Amino acid sequence: MSTIVSPNPQLDSLVRYRSVRSRTLALCDPLTPEDMMVQSTPEASPAKWHLAHTAWFFESFVLGEFLPGYRLFNPDFPSLFNSYYLSFSAFPEKRLRSSFSRPGLEEVLRYRQHVDEAVELLLESSNPAPEALRRIELGLNHEEQHQELLLTDILNAFFVNPLRPVYLAEEQETKAGSAEVEGLRFQAFPGGMHEIGHSGPGFSYDNELPRHHVWLEPYSLASRLVTCGEYAAFIADGGYRRHELWLSDGWDAVGRNGWQAPLYWTSDNGNWSLFTLRGEQPLDRMASAPVSHVSFFEADAYARWAGCRLATEFEWEAAAQSQPLTGNLLDSGRLLPVPAAQLGQDENPVQQMIGDCWEWTASAYLGYPGYKALPGALGEYNGKFMSGTMVLRGGSCVTPAAHIRSSYRNFFAPETRWQFSGIRLAM
Ligand SMILES: [Fe+2]
């Protein structure tokens, strides 16, 4: 986490605090209290838990330490809503989160309000500690991560429900997934020494540091993400039946999970439909939109089938450093990946680097040379997951715009499919 620089960091923090916290509630507007209790896959959490846990983060890492006289809302909550911080307290098994019928939603909302009033009191105080401001900014970035998780988790919950509820009705601008896109081109990038990692005064996670040098050979990246139509050709060509296309662990995952298509694709006599936050979409209408909800193994197999490979995270970041930080992110309101041509980025040699889908890279998630986790319990935020996960870059259609940057490193186990994760080819 780097230093915050602002003429009035308290006021900046207060405005941003209110904005981020209110957006989390707004994302729950289309949900019923019953929707907010569902935990449909082990990776997911109920929306009500996300609401409580994001308040817990401020209570546990900011208020107890930096607001004199702070009174806990409920003495059971510090352990009840702890996710995985072993240094902080014991915590319930993740799979039990959907059993928390108590506290009820109203009490969780009062918990949020209690925490909000305390954080705002701290931000309005005469001289909050710089470390308190840094922790609040970390808490806001944490909450933005949970906003994305809340939506990915609801998409899974609604897909598992036989009624297939629609999170948000389709709007005119989302109805263009079948628009024409340009054929895939490859853009060359120079090799040589590149600087990788966060720089500048803004926020970053500890895993984006230290900035360091990486040597790259010359490489090329595809001009856009792989589309659903292109991925359907891989399926039709027996992609899921040809072991020679798959890594050994990937081929095992295909057999163990019965994969025949990306998550949320269903077939009715060979006619594919895709379930989205905007409801069920026939493949024809999504053919030009980026394929999403594929695992690292599927991305890798597709790349091999296409005669290409996935980029390393360093190749991706070196290319992204010259790109604008704009794209189809949560702020667009679309809530699903859209075709490249619609984004008005035609002049860019590579489109969709930011937004639409997280891009699986060929890089294992490891600490950079000289990496140091944050001190104390917050050191568990990122560092302890540096085993068995792969890096994804670029954000998705449900990532808040304020949350993404070229040095941002997301990471998931290679079988993970419930995130908005897609494919960019490299050579
Ligand atoms: Fe969390």
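Worth knowing before you read on, the calculation uses all heavy atoms, side chains too, and leaves out hydrogens, waters and symmetry mates. Each ligand, and each atom within it, is numbered from 1 in the order the structure gives. Keep in mind that this is a model prediction, so the values were computed, not measured.
Ring centroid separation for the pair His146 and His53 comes in under the 6.0 Å cut-off. For Phe61 and Tyr85, the gap between ring centers is short of 6.0 Å. Ring centroid separation for the pair Phe420 and His293 comes in under the 6.0 Å cut-off.
Closer than 2.8 Å to the Fe ion (ligand 1) sit the protein N, O or S atoms His53 NE2, His142 NE2, His146 NE2.
Judged purely by atom type and a 3.5 angstrom limit, Glu144 has no side-chain atom pairing as donor or acceptor with the backbone of Gly139. For the pair Gln352 (side chain) and Val338 (backbone), a donor-acceptor distance under 3.5 Å is present.
A salt bridge links Arg393 to Glu313: at least one charged side-chain nitrogen sits closer than 4.0 Å to a carboxylate oxygen.
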